[in-house]
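Each remark here refers to the structure printed beneath this line.
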Protein chains: 4
Amino acid sequence: MTGAPEGESVSLDLLKKKMIEFAKERDWEQFHSPRNLLLALVGEVGELSEIFQWKGEVPKGLPDWKEEEKVHLGEELSDVLLYLVQLSDICGIDLGKAALRKVELNAAKYPVSKKKSQTDNNVTGSC
Amino acid sequence: MTGAPEGESVSLDLLKKKMIEFAKERDWEQFHSPRNLLLALVGEVGELSEIFQWKGEVPKGLPDWKEEEKVHLGEELSDVLLYLVQLSDICGIDLGKAALRKVELNAAKYPVSKKKSQTDNNVTGSC
Amino acid sequence: MTGAPEGESVSLDLLKKKMIEFAKERDWEQFHSPRNLLLALVGEVGELSEIFQWKGEVPKGLPDWKEEEKVHLGEELSDVLLYLVQLSDICGIDLGKAALRKVELNAAKYPVSKKKSQTDNNVTGSC
Amino acid sequence: MTGAPEGESVSLDLLKKKMIEFAKERDWEQFHSPRNLLLALVGEVGELSEIFQWKGEVPKGLPDWKEEEKVHLGEELSDVLLYLVQLSDICGIDLGKAALRKVELNAAKYPVSKKKSQTDNNVTGSC
């Protein structure tokens, strides 16, 4: 039982609510200032990077990784996400809404018709 | 029109689908290897950090920030999220499922009854 | 015996030579590609951030920190430095020379007479 | 004129002195709290990562990079170093001394005779 209705997609709001409840139950809200959460997020990005650091180039789908490595990767990706959700919440930012808006801004910035290469100087993907 | 039904929460799957489509339309899939996306994510975390770098401690809700600063913050938070969603997808990780599982692991690791302080040596919040 | 002459300052070249020797002796050169070292550096920056993550604002000189915390901090700062030295070396960049040049570029960019505030929009310190 | 005697190696102390002077002249010391400098460092690591993000695996020595790309890389590596030097100084850590000590700790941790592989579970290079 994960709190997500069977077969439905996990929403950012669900994760936000879970993290608010999680912190409240443990009286951890006092530690959740924006810069504390930001540095915690940086710490998790570091742990995520450590998974990839000695591997050289890694093919899509991680065909040669052991199951336990993939599970570990999922945990580190999740840690980054959960701090990101908490940081957004503490800053009063609606992360889901902001993300949809950013996708549209990116679409306007990089129109399909131009077919610009991502290796061009001023093109850095979705940012 | 953002692609999310009116009043409903934004799901990780919706963002994943949008990013897959976005990359496909621009023929950018060729650039989306795991380590490329990871480094792009690190780049965005850097931009997020720059927003906070000279501010000293920042109170919850960012009461003194200008509206344009908050909009900028929402964009950088989104950039981190969108690369995180893409990195997870390219690695074959179901990010929403992994995040719910991680919340449960954290709950088991830090039981409510113990009321352990986050400042304890081995306690680092939700990670 | 640390390899640095008594009372003299530690140079970047000394650290570079030590790290080259260290990797060679252990046959680790094979792992030291630019992006491997970069991700290792990101991992260390994460560990550095973890030291500061739940502390709120920290005063200069770390007056309230235990000696063991300062020793740990010195180790993480060193890890970042040592990977930075190795990354520069593997990329063929003379880090000391580049750093002196960058100080001069910064001095030209932020002239003393103007006394611009670091909080201005386009001012980000020494970068 | 770079401030380093002709042909001599650049020391961490020289960089420290230059950065102290640089900040003092511009009245920027007020912004240089430990966590401000740490987040500035994270920001520069992000810029460093952006240089490598869409390149796939990069060979040692960067044989295919344009001269201007290498100059840019030297600048970003320097920015990381200069903030690292300032962060260490503001925390009261002697970075050079700490780095030499860390090299010795690493040498003790990974003895040459054992020839352990860096890909082993608990081996993460020089950290």
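In this text the structure is predicted, and so the values were computed from the model without any measurement. Residue numbers start from 1 in every chain, and the chains themselves are labelled A, B, ... in the order their sequence lines are given, proteins ahead of strands. Only heavy atoms go into these numbers, but all of them, side chains included; no hydrogens, no water, no symmetry mates.
- Residue C/S78 comes nearest to D/A99 through the heavy atom pair OG-N, 3.2 Å, listed as atom of the first residue, atom of the second, then distance.
- By the 6.0 Å contact criterion, NZ on D/K60 is enclosed, its count of non-hydrogen atoms from other residues, nucleotides or ligands being greater than 12.
- With a 4.5 angstrom heavy-atom cutoff, D/P63 does not touch chain C via any of its atoms.
- Between C/E75 and the options D/R101, D/K109, D/K102, D/K97, a salt bridge (charged side-chain N to carboxylate O under 4.0 Å, His left out) holds for only D/R101.
- How far CG of D/L84 is from CG of C/L84: 7.0 Å, rounded to the nearest 0.5 Å.
- With a 4.5 angstrom heavy-atom cutoff, D/L37 does not touch chain C via any of its atoms.
- In this structure, chain C has heavy atoms under 4.5 Å from both the backbone and the side chain of D/L12.
- Other residues, nucleotides and ligands place no more than 12 heavy atoms under 6.0 Å from the NZ atom of D/K17.
- At a 4.5 Å heavy-atom cutoff, the contact between C/L38 and chain D is made by side-chain atoms alone.
- Taking 4.5 Å as the limit, every side-chain heavy atom of D/L14 sits out of range of all side-chain heavy atoms of C/S9.
- Proximity to chain C (any heavy atom under 4.5 Å) is shown, for D/L39, by neither the backbone nor the side chain.
- Shortest non-hydrogen contact noted between D/G74 and C/I93 is CA-CG2, 3.9 Å.
- The closest side-chain heavy-atom distance from D/V80 to C/V45 is not below 4.5 Å.
- Shown here for D/P59 and C/P34, the closest heavy-atom pair between the two residues is O-CG, 3.9 Å.
- Separating the CG atom in D/N106 from the NZ atom in C/K18 is a distance of 11.5 Å, to the nearest 0.5 Å.
- Considering all non-hydrogen atoms of both residues, D/F22 and C/V103 come closest at CE1-O, 4.1 Å.
- Note that CG of C/D79 is 9.5 Å distant from CG of D/L105, once rounded to the nearest 0.5 Å.
- Heavy atoms closer than 4.5 Å to chain C are found in both the backbone and the side chain of D/A107.
- When each of C/S88, C/G43, C/C91 is scored by its heavy-atom pairs under 4.5 Å with chain D, the top score falls to C/C91.
- Heavy atoms of D/I90 lying under 4.5 Å from chain C belong to its backbone as well as its side chain.
- Listed for the D/R35 side chain is no donor-acceptor partner under 3.5 Å among the backbone atoms of C/V58.
- With a threshold of 4.5 angstrom between heavy atoms, C/L77 approaches chain D through its backbone and through its side chain.
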Do D/L15 and C/L100 pass the side chain to side chain contact (heavy atoms under 4.5 Å, CB included) test, and can you show the C-alpha distance, the side-chain angles, and the key distance before you say yes or no?
CA-CA 8 Å; D/L15 295 176; C/L100 290 177; 3.8 Å; yes
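- Closest of all the heavy-atom pairs between C/V42 and D/S49 is CG2-OG, 4.2 Å.
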